[in-house]
> 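Have a look at the structure that comes next, please.
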Amino acid sequence: MFGQTASGSAALSPSGARVFRYEVVGLRQNEETDKMGFPIRRSGSTFIMVPYNRMNEEMQRITRMGGKIISITPVVAS
């Protein structure tokens, strides 16, 4: 276990090697930046690459930031 981190060992597993692309709209930074009056960009998509083992965490983060997931697609390595 010396020299390995949780993410390092997960990256070696087959599930950790799979990556997915999230297409998200409506993200905002946080409550403090929202008070500055800048509009939330709703017209464009943001693309986020996420390893399989972090998908649940990323969905929760997107929800907290007010985003809406439009699609999730697997990234195929060539």
Side-chain angles (χ1 to χ4, degrees):
M1 187 76 182
F2 293 106
Q4 280 190 338
T5 63
S7 61
S9 60
L12 298 175
S13 70
S15 63
R18 294 186 303 190
V19 177
F20 294 83
R21 183 178 74 167
Y22 285 45
E23 181 179 358
V24 181
V25 295
L27 287 179
R28 63 176 187 256
Q29 293 289 323
N30 59 37
E31 292 180 13
E32 288 302 311
T33 56
D34 288 348
K35 292 177 186 175
M36 295 179 169
F38 298 118
I40 297 171
R41 181 177 176 181
R42 298 194 187 279
S43 62
S45 295
T46 302
F47 295 92
I48 304 169
M49 305 294 269
V50 182
Y52 176 78
N53 58 352
R54 291 199 53 240
M55 289 180 73
N56 190 30
E57 296 168 36
E58 192 63 28
M59 284 187 215
Q60 292 174 4
R61 187 180 75 88
I62 290 167
T63 301
R64 279 195 310 269
M65 293 174 62
K68 179 180 178 184
I69 299 171
I70 301 299
S71 69
I72 301 173
T73 55
V75 176
V76 179
S78 51

> Once salt bridge (charged side-chain N to carboxylate O under 4.0 Å, His left out) is applied, what residue pairs with a partner in residues 44-55 remain, sequence neighbours excluded?
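Found R54-E57, R54-E58.
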> With sequence neighbours left out, write down each residue that passes salt bridge (Lys or Arg N to Asp or Glu O under 4.0 Å) with R21, or none if nothing qualifies.
none
> Give every donor-acceptor pair under 3.5 Å between a side-chain atom in residues 64-71 and any protein atom, sequence neighbours left out.
from, atom 1, to, atom 2, distance (Å)
S71, OG, E23, OE1, 3.3

> Which atoms form the tightest heavy-atom contact between F20 and V75, and what is the distance?
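Answer, listing the atom of F20 first, then V75: C-CG2, 4.1 Å.
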> What I'd like to find out is whether the side chain of V50 reaches to under 4.5 Å of the side chain of R61, using heavy atoms alone.
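When only atoms from C-beta onward are counted, R61 and V50 do not touch, as no gap falls below 4.5 Å.
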> With T63, which residues qualify under side-chain contact (heavy atoms from CB on, under 4.5 Å), at least two apart?
none
